[in-house]
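We name chains A, B, ... by the order of the sequence lines, and we start the count at 1 in each one. This is a predicted model, so every value here is computed, not measured.
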Amino acid sequence: MEEIFAKYTPKEIEAKWYKFWLSKNYFRSEVSTTKQSFSIVIPPPNVTGFLHMGHALNTTLQDVLIRYKRMQGFNTLWLPGTDHAGIATQNVVEKYLAKKGVTRNDLGREKFIERVWEWKEKYGDTIITQLKGLGASCDWSKLRFTMDDGFSTAVREVFIRLYNEGLIYRNNYIINWCPRCQTALSDIEVDYKEVKGHLYYIKYPVKNSKEYVVVATTRPETMFGDTAVAIHPDDNRYLKFLGKTIILPIAKREIPVISDSYVELKFGTGIVKVTPAHDPSDFEAGLRHNLETINVINPDATMNEKAGKYKGMDRYVCRQVLLKDLQKAEYIVKVEDHQHAVGHCYRCNTAVEPHLSLQWFVKMKPLAEPAICAVKEGKIKFHPAHWTNTYFEWMDNIKDWCISRQIWWGHRLPVWYCKDCKEIHVSSTQIDTCKKCGGTKLYQDTDVLDTWFSSALWPFATLGWPQETPELKHFYPTSVLSTGFDIIFFWVARMTMFGLKFMGDVPFKEVYIHALVRDLEGAKMSKSRGNTIEPEIIIQKYGTDALRFTLTALAAQGRDIYLAEDRIEGYRNFTNKIWNAARFVCTNLSDFNPLEVKCEKLKLELSDRWIISRFNKVTNSMTQHLANYHFNEAAQSIYNFFWHEFCDWYIELAKPRLKKTGALFTHPNDVQLSKQTAQYVLYYVLNGALRLLHPIMPFITEEIWHGLPAHSESIMIATWPEIVKGEINDKAEEEMNLLIEVITAIRNMRSELQISPAKKIEAIFNVEDESTKKILEYNSSYLVEMAKLDRLLIAIKTDKPEDSAAIVVGRIIIYLLLSKIVDIEAQKNKLIKEIEKIKLGLEKLSARLSDEKFLQNAPVEVIGNDKKKQQEYIDKKTQLELHLQMLQKE
RNA sequence: GGGCGCGUAGCUCAGAUGGUUAGAGUGCUUGCUUGACAUGCAAGAGGUCACAGGUUCGAUUCCUGUCGCGCCCACCA
């Protein structure tokens, strides 16, 4: 025992217990017919991932839920895995290769992909190891990867089914293009950032006329792709130009003037240059007016041959050169500063280019409708609920999803084309012969799918779909999805759509949206900002349990987490407190065996009944809070209970009993029985509290568990405490609260009078009624111990002795006998201050209680409470005033 | 331009379906090497619950508006 509790070294015990749990297969889940299932699929981190605070938070919260449900007897599954993260991983590996002087084009597609797999084998487990370090109780035997064989089958299956239903189509459309990653992006993969740019006003001459129109543009370099100039149909200023022909400056190409209501009258000059190949709204306008599309920018964002002499220049270089030329030719009317939102690639932060190209799309409306219904009908609940708004807002305005990516790392489209007749074949296996013309020159599409396409299948593909596995049947729909709000669109919405489409049911019943972890300035933690607090470092410094408790305690709903290291330090102190309290309790249980104790023989004292009652209430509160995802409150309630009730009061009160010194006043219990009772209660409460703490702090609780007498194999598989109604004892709580108040008041006075903590003093209690007298008498040993008294007398209506300081607690007056009072003035001032406070409260109360309207409208309990309170105030005030008078006489 | 969230102690944050003496951690002040713990113990100071109206017997809590902060969405080129 002493050995076990010698010193708390988180690092050692963490590794030890994690290994132990694994060896016992506690994390493994089997399909059970008797137990109800509780399942969570982990948001798969990128294989390139390195544990950051966001992961730590989300992992902790999921583990809290899983461990808590496991203890409650559910058949739990927490399914782990990683995501191949197409663009992100390709970028990482390209950078890795660049250090060796190799580009992906040097290698070619096949070799490059081989290298990515090699990289994955070597480094892809980093994040998994880190999750284990956090204590995550995932079923590692079911670890999945979004590009493993089973998953690839599922992806192809989904693609084919959607294609056959006409929900996947190929089209030439304007999409977001990242010139650096050289691939298409979906709309939500573009981050819009405010950029300080310019609005250029350029003259566009009217053919056969001295007149010209002035267009305003932020992107003059796209003018080589202009195929019209547009005005608003109601704009009287410019109607005269309708039908006229414009000569495009520099290019000298002729373009028409059209009218379209998408033109904003108030912006710029009210005349727009229309560039269908390089602007999404112009593209739409082009379709409405049958305009030609002229692509003038290469995929790498340099100008192409359509830009004439500017060919080969980067888009921004071209802009500058062109502007000079326009200026020289006097086409520029003016230039204004202009702030506007520019889209950037969410992976590499390069300004994206609207780009007309042949891409694959998913038709979203038919998929979105059932997904909207599912949330409206409450089949999926968001916590906090307000995120449903975000979900609906996006779903209601959903646009088709561009799913083809021109990169190499990912799920290749299961599409083959016939070179001869151009027929498209969609198939789960290689196609060699054209079904239409019989030709044999077939080639597979070179594009891969958006990573999020495969992520959308995560909840069911990981359980074996498209096969009808027992796991799928038992664990789908999953119970909860825990994730950040930033991927509601990317992931949550799409999983919902695909789950409903292919499983006929929602993928999860609840969605918990956790907070974003920020630094103290409120900035999102990120490596590039250099403001990260690394979980690994924190764990090293304070232990995993301290980090987990901190994150849980800060996980309030609807608010971001501003993490500071001293917060973690504070909760590290809590682990230390737990450790020491347990050490104290366990060393005092060496002669105690819970299995041999006959409960009915024990004689519970007030403090016993009180702490047991409090324990039951805390059990209740924790269970409720966890059920509602109020993690912070769950953590708070066990923290307060453990430290400020169990340690500060109960253990302190139990000490003399353990020391066999017995009570000062004769207590009905004999000393031995009192000790044994205290041991029983200490054991009972510590045991229960550890189980309540375990989901949040798995390691330290397991370590202590094994120091408890008669402990079971592991706390991990112990049962979650249940409330025993008969143990809730409001009367005991009330009485104990009175004692706490009395003791605190005496300590306060001692402190103010600067009486040494070591000095014992004598006290006389003046009470008004027999029942209060009894409570104090029965528990006088508590008063003696906790308030450091050497003698005490409890009397009904006694006078103030000489040389005494008086304290008023409710209706009780406490006289502390002192050889001489140090500072009468200070005492008086304190009394006066207190009286003032009471008077103020009393005034408010009296005013309310004499208000007819209040008496008529307020509920009876409220009036009753107020009346009770009023009486208490009056009593206290009387006592206080009495003592002030007495002091003044002295 | 829409939408959402947030302004509570010096700092970081809880909380109340409307009635509490408005809480915690941290910081601060004072006193303690108390036989588990100085990563600790005890005591204390510190708040017009952003501001202004409204509803109500009663608002810090509900409603409206104002100001401040943050975020998301949106084709003003």
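Rounded to an integer number of Å, the gap from NZ of A:Lys659 to C1' of B:G35 is 7 Å. Distance A:Ile255 CD1 to B:A77 P: 19 Å, rounded to the nearest Å. A:Glu194 places its CD atom 12 Å from the C1' atom of B:C76, with the value rounded to the nearest Å. What separates CG of A:Leu199 from C1' of B:C76 is a distance of 10 Å, to the nearest Å. If you measure from atom CZ of A:Arg750 to atom C1' of B:C32, you get 11 Å, rounded to the nearest angstrom. Summarising the geometry, the separation between CD on A:Glu645 and C1' on B:A24 is reported as 14 Å, rounded to the nearest angstrom. Computed from coordinates, the A:Glu852 CD to B:G58 P distance equals 14 Å when rounded to whole Å. Atom CD1 of A:Ile700 and atom P of B:C37 are 15 Å apart (whole Å).
In this structure, A:Glu569 does not pair ionically with A:Arg567, as no charged nitrogen and carboxylate oxygen lie closer than 4.0 Å. Look at A:Lys196 and A:Asp337 and you find no salt bridge, because none of the NZ, NE, NH1 or NH2 atoms lies under 4.0 Å from a carboxylate O. Salt-bridge check for A:Arg219 with A:Glu353: passed, with a basic side-chain N closer than 4.0 Å to an acidic carboxylate O.
Set against B:C75, B:G2, B:U30, the side chain of A:Tyr262 has B:C75 as its closest nucleotide. Considering only the side chain of A:Lys577, B:C37 comes nearest among B:U12, B:U39, B:C37. Closest to the side chain of A:Glu633, from the set B:G15, B:A43, B:G40, is B:G15. Across B:C32, B:A43, B:C37, the shortest atom-to-atom separation from the side chain of A:Arg747 is found for B:A43. You'll find that the side chain of A:Val272 is closest to B:A77, out of B:A77, B:C37, B:C75. When each of B:A77, B:G31, B:A36 is scored by its nearest atom to the side-chain atoms of A:Ala581, the top-ranked nucleotide is B:A36. The side chain of A:Lys399 lies closest to B:C75 when the candidates are B:A77, B:C75, B:U39. Taking only side-chain atoms of A:His386, from C-beta outward, the nucleotide of B:U30, B:G5, B:A36 with the closest atom is B:G5. Each of B:A42, B:C32, B:A43 was ranked by its minimum atom distance to the side chain of A:Asn748; first place goes to B:A43. The side chain of A:Trp643 has B:G40 as its nearest neighbour among B:A43, B:G40, B:G3.
In this structure, B:U26 and B:G10 make a Watson-Crick or G-U wobble pair, each of the two defining distances being under 3.5 angstrom. Under the Watson-Crick or G-U wobble criterion, with both distances below 3.5 Å, B:C71 is paired with B:G3. B:U56 makes up no base pair with any nucleotide shown, lacking Watson-Crick or G-U wobble contacts both under 3.5 Å. If you check B:C41 for Watson-Crick or wobble pairing at under 3.5 angstrom, you find it paired to B:G31.
At the heavy-atom level, A:Gly270 lies under 4.0 Å from base atoms of the strands shown. Among the protein residues, A:Thr744 comes within range of the sugar-phosphate backbone only, with heavy atoms under 4.0 Å from sugar or phosphate atoms but none that close to a base. Residue contacts for A:Asp648: at a heavy-atom cut-off of 4.0 Å it reaches the sugar-phosphate backbone alone, with no base atom in range. The residue A:Tyr571 sits apart from the nucleic acid: no heavy atom pair falls under 4.0 Å. Note on A:Thr218: only backbone sugar-phosphate atoms sit closer than 4.0 angstrom, heavy atoms only; bases stay farther off. Nucleic acid contact for A:Tyr542: none, since no nucleic acid atom lies under 4.0 Å from a heavy atom of the residue. A:His278 comes within contact range of no nucleotide atom at all, as no heavy-atom separation falls under 4.0 Å. Heavy atoms of A:Lys273 sit nowhere under 4.0 angstrom from any nucleic acid atom.
A gap of 14 Å separates the P atoms of B:G44 and B:G25, to the nearest Å. Of the P atoms belonging to B:A9 and B:C49, the separation is 10 Å, rounded to the nearest Å. Taking atom C1' on both nucleotides, B:U12 is separated from B:C73 by 30 Å, rounded to a whole Å.
Considering only side-chain N and O atoms, A:Asn397 lies nowhere under 4.0 angstrom from the phosphate OP1 or OP2 of B:C73. In terms of phosphate contacts, A:Lys266 brings no side-chain nitrogen or oxygen within less than 4.0 Å of OP1 or OP2 of B:C76. An OP1 or OP2 oxygen of B:C57 is reached within less than 4.0 angstrom by a side-chain nitrogen or oxygen of A:Asn857. Under 4.0 angstrom from either OP1 or OP2 of B:U21 there lies at least one side-chain N or O belonging to A:Tyr873. In this model, the phosphate group of B:G25 is approached by a side-chain N or O of A:His644 to a distance below 4.0 Å at OP1 or OP2.
Shortest non-hydrogen contact noted between A:Ala230 and A:Val263 is CB-CG2, 3.8 Å.
Classification of the A:Tyr629-A:Tyr512 ring pair by plane angle, with boundaries at 30° and 60°, yields parallel. Taking the six-membered ring for Trp and thresholds of 30 and 60 degrees, A:Tyr571 and A:Phe549 have ring planes inclined between 30 and 60 degrees apart. Using a 30° and 60° split on the angle between ring planes, A:His644 and A:Tyr639 fall in the perpendicular class, above 60°.
The base of B:A74 does not come close enough to the side chain of A:Glu393 for any donor and acceptor atom to sit less than 3.5 Å apart.
Toward the 5' end of RNA chain B, the nearer of the two residues A:Ser756 and A:Glu741, judged by each one's closest nucleotide, is A:Glu741.
Other residues, nucleotides and ligands contribute only 12 or fewer heavy atoms inside 6.0 Å of the NZ atom of A:Lys11.
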